[in-house]
Protein chains: 2
Amino acid sequence: MTDIFRRVGDKWSMLLVILLGARPHRYNDLHRAVEGISQRMLTRTLRTLETDGLVQRAVHPTVPPSVEYSLTPLGRTLLEPLSALADWAVLHEAEINEAHARHTSG
Amino acid sequence: MTDIFRRVGDKWSMLLVILLGARPHRYNDLHRAVEGISQRMLTRTLRTLETDGLVQRAVHPTVPPSVEYSLTPLGRTLLEPLSALADWAVLHEAEINEAHARHTSG
DNA sequence: CAGCATCCTACCAGATACTG
DNA sequence: CAGTATCTGGTAGGATGCTG
């Protein structure tokens, strides 16, 4: 189980899954949307998600080429629990920062 | 938000939070329960969780000393979304492994 | 019992440059 | 547009030995 978590729970994976949950994205869409991600990590993370069967990659042989990433049905089942956790993070971010301040100062 | 995830979502944190969600544990309880964790990482992870205000540490000045770790109220609010994700992981582990096999072989 | 200090390694992840 | 290749520093995390 911890293996699954390590894949799904890392810095970029969750962000990508949540983004792709909203709508399919192309490579550079994601690159722009996920502020701060390097090409390397974007590609790596997408490959991992694809290998895990959470994301599917559709290549349209146009000129210039376009590649569309979207969630698989399995990926979509992840969306709900992941969003719950993301909501929790947003909701309690302030409290965590306060706790931090308490431990840092006193 | 990604910062929160990095702390909460790492290899050991979620395991500890879920364990402490069941009942308070002492240091060596956790060390035994979390098969494979080193003292170093157990201590480090507990300290991080404590600093984040998710876990509280109660020292009982007995001989020999005993230290009890438990979830704070904030930590308990994390339990639900985290369990949801853990359940998801257990439920879909097989599918992910199958997807892996597909990408490895063909 | 419940840690801390130190050393060490391997992998992770960013920056940068290049390609079909 | 959608990647790959290479180099490099940082950090996660294990092993070991010691302490109040």
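This structure is a prediction, so every number in the text was calculated from the model and none was measured. Just so we're on the same page: letters track the sequence lines, and every chain starts at 1.
- Here A/Arg57 reaches the OP1 or OP2 of D/dG3: one of its side-chain N or O atoms lies under 4.0 Å away.
- Considering only side-chain atoms of B/Tyr27, the nucleotide from D/dA12, C/dA2, D/dC1 that sits closest is C/dA2.
- Distance from the side chain of A/Thr43 is smallest to D/dG3 among D/dG3, D/dG13, C/dA13.
- Between the base of D/dT16 and the side chain of B/Arg40 there is no donor-acceptor pair shorter than 3.5 Å.
- Proximity of A/Lys11 to the phosphate of D/dT11: no side-chain N or O atom is located under 4.0 Å from OP1 or OP2.
- For B/Glu93, the CD atom counts as densely surrounded, since its 6.0 Å shell holds more than 12 non-hydrogen atoms of other residues, nucleotides or ligands.
- Ion pair A/Asp10/A/Arg7 not flagged as a salt bridge, since none of the NZ, NE, NH1 or NH2 atoms sits closer than 4.0 Å to an Asp/Glu carboxylate oxygen.
- Between the CG atom of A/Leu42 and the P atom of C/dC12 there is a distance of 17 Å, given to the nearest Å.
- Of the candidates B/Val55, B/Thr45, B/Thr48, B/Thr45 is the only one forming a side-chain contact (heavy atoms from CB on, under 4.5 Å) with B/Leu16.
- Between the CE atom of B/Met41 and the C1' atom of C/dA2 there is a distance of 17 Å, rounded to whole Å.
- If you take NE2 of A/His60 and P of D/dG3, they are 12 Å apart, rounded to a whole angstrom.
- Nearest nucleotide to the B/Arg26 side chain, out of C/dC1, D/dC1, C/dG3: C/dC1.
- Distance from the side chain of B/Ser66 is smallest to C/dA2 among C/dG14, D/dG13, C/dA2.
- Atom CD1 in B/Ile37 sits roughly 12 Å away from atom C1' in D/dG14 (whole-Å rounding).
- Rounded to a whole Å, the CZ atom of A/Arg44 is 14 Å from the P atom of D/dT6.
- In this structure, A/Gln39 places its CD atom 17 Å from P of C/dA13, rounding to the nearest Å.
- The side chain of A/Val67 approaches D/dG3 more closely than any other nucleotide in the set D/dG14, D/dG3, C/dG3.
- For A/Tyr69 and D/dC1, the shortest distance from a side-chain N or O to OP1 or OP2 is not below 4.0 Å.
- Checking C/dC1, C/dG20, D/dG3 against the side-chain heavy atoms of A/Pro65 singles out C/dG20 as nearest.
- In this structure, B/Trp12 places its CH2 atom 8 Å from P of D/dG13, rounding to the nearest Å.
- Note that CD1 of B/Ile96 and CH2 of B/Trp88 are 4.0 Å apart. Values are rounded to the nearest 0.5 Å.
- Between A/Ser13 and A/Val8, the shortest heavy-atom distance links the atoms CB-O, 3.6 Å.
- Spacing between atom CG of A/Asn28 and atom C1' of D/dT4 amounts to 15 Å, rounded to whole angstrom units.
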